[in-house]
Amino acid sequence: MRIDILTLFPQMFQSPFSCGIFQRAIDRKLVEVNLHNIRDYTHDTHHTVDDYAYGGGAGMVLKPEPIFEAVESIKSDIKEGAGGLPIILLTPQGRLFSQQMAQELSRCKHLILICGRYEGVDERVCEQLVTDEISIGDYVLGGGELAAMVVVDAVVRLLPGVLGSEASPLDDSHSSGLLEYPQYTRPPEFRGWSVPEVLLSGNHAQIAKWRREQVILRTLERRPELLDKADLCAEERQLVDRLKNHLPRELNSSHSPTPG
Ligand code: ADE
């Protein structure tokens with residue numbers, strides 16, 4: 001996969017992309033990441049990337065010309081595949097990022113990510129250039145850079161060969177629409193806290209059953225709204241109903257616990 005990132009701060013990406021599985025993926029040529037400074041696509045002496053908003057208001061808006069020029073220059077360098085080329089703007093106004101979106105993006109040969117800054121990006125970029133707008137959560141960051149790192153991290157670890165064969169992204173929380181079961185390692189007892197007996201039993205059928213129950217219980221306790229859309233068999237639905245009757249009332253009465 002090739003990923004091109006347009007940003008005003010390419011240096012922000014240096015350390016996250018030079019560690020752990022990410023560096024390994026780059027070294028093994030499973031992914032190529034190219035950083036482009038939007039400022040390099042300006043032509044005036046001050047390298048102006050932003051300007052005042054028409055109609056007034058505080059804050060500056062990123063100008064369209066350098067962003068269009070950067071994307072067009074990248075596009076001229078590549079052959080567009082059959083599935084099209086996603087050009088994604090990171091913005092708090094985008095679609096909420098999810099594991100499913102990471103899976104879809106991981107099937108693309110090439111991605112272009114545009115990191116917004118300041119008060120926003122000229123709307124013609126959104127309307128005429130980008131194919132998708134993504135938000136990583138309902139909060140406002142200083143810019144799209146950290147959001148782009150989140151998206152790239154979630155996508156790259158799904159590429160074939162990036163995780164060792166021992167780790168499967170299929171077991172991840174959210175890949176099935178539910179949260180993951182609890183994990184333990186040695187020692188079997190630590191400060192008086194024991195690993196659940198069943199995990200030491202060697203009985204693989206019992207372990208699988210326990211893990212599935214934990215997935216359901218944990219999701220019910222922490223993210224009950226995920227269970228509404230989950231792919232559960234009739235027996236598991238009955239388990240959900242039984243567990244609901246045993247949960248504390250505040251978890252039972254509301255899908256989103258109120259703070260305080
Ligand atoms: N830029 C600023 N805030 C953002 C967010 N929550 N998601 C994506 N890009 C952003």
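As the structure lists them, so they are numbered: ligands from 1, and atoms in each ligand from 1.
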_Check this for me: does any side-chain nitrogen of one of R117 and E145 sit under 4.0 Å from a carboxylate oxygen of the other?_
yes
*Is R223 salt-bridged to E225, going by a charged N under 4.0 Å from an acidic O?*
yes
*So, S135 side chain and L96 main chain: donor-acceptor pair closer than 3.5 Å or not?*
no
*For R157 and V162, indicate whether the former's side chain and the latter's backbone hold a donor-acceptor pair under 3.5 Å.*
no
*In plain terms, say whether R2 and D77 are close enough for a salt bridge, that is, a side-chain N and a carboxylate O under 4.0 Å apart.*
yes
*Side chains of V121 and T91: does their closest heavy-atom pair fall under 4.5 Å?*
no
*With a 4.0 angstrom cut-off on heavy atoms, strictly below it, pick out the residues next to ligand 1 and order them by chain and number.*
L90, T91, P92, I134, S135, I136, G137, Y139, V140, L141, G143, G144, A147
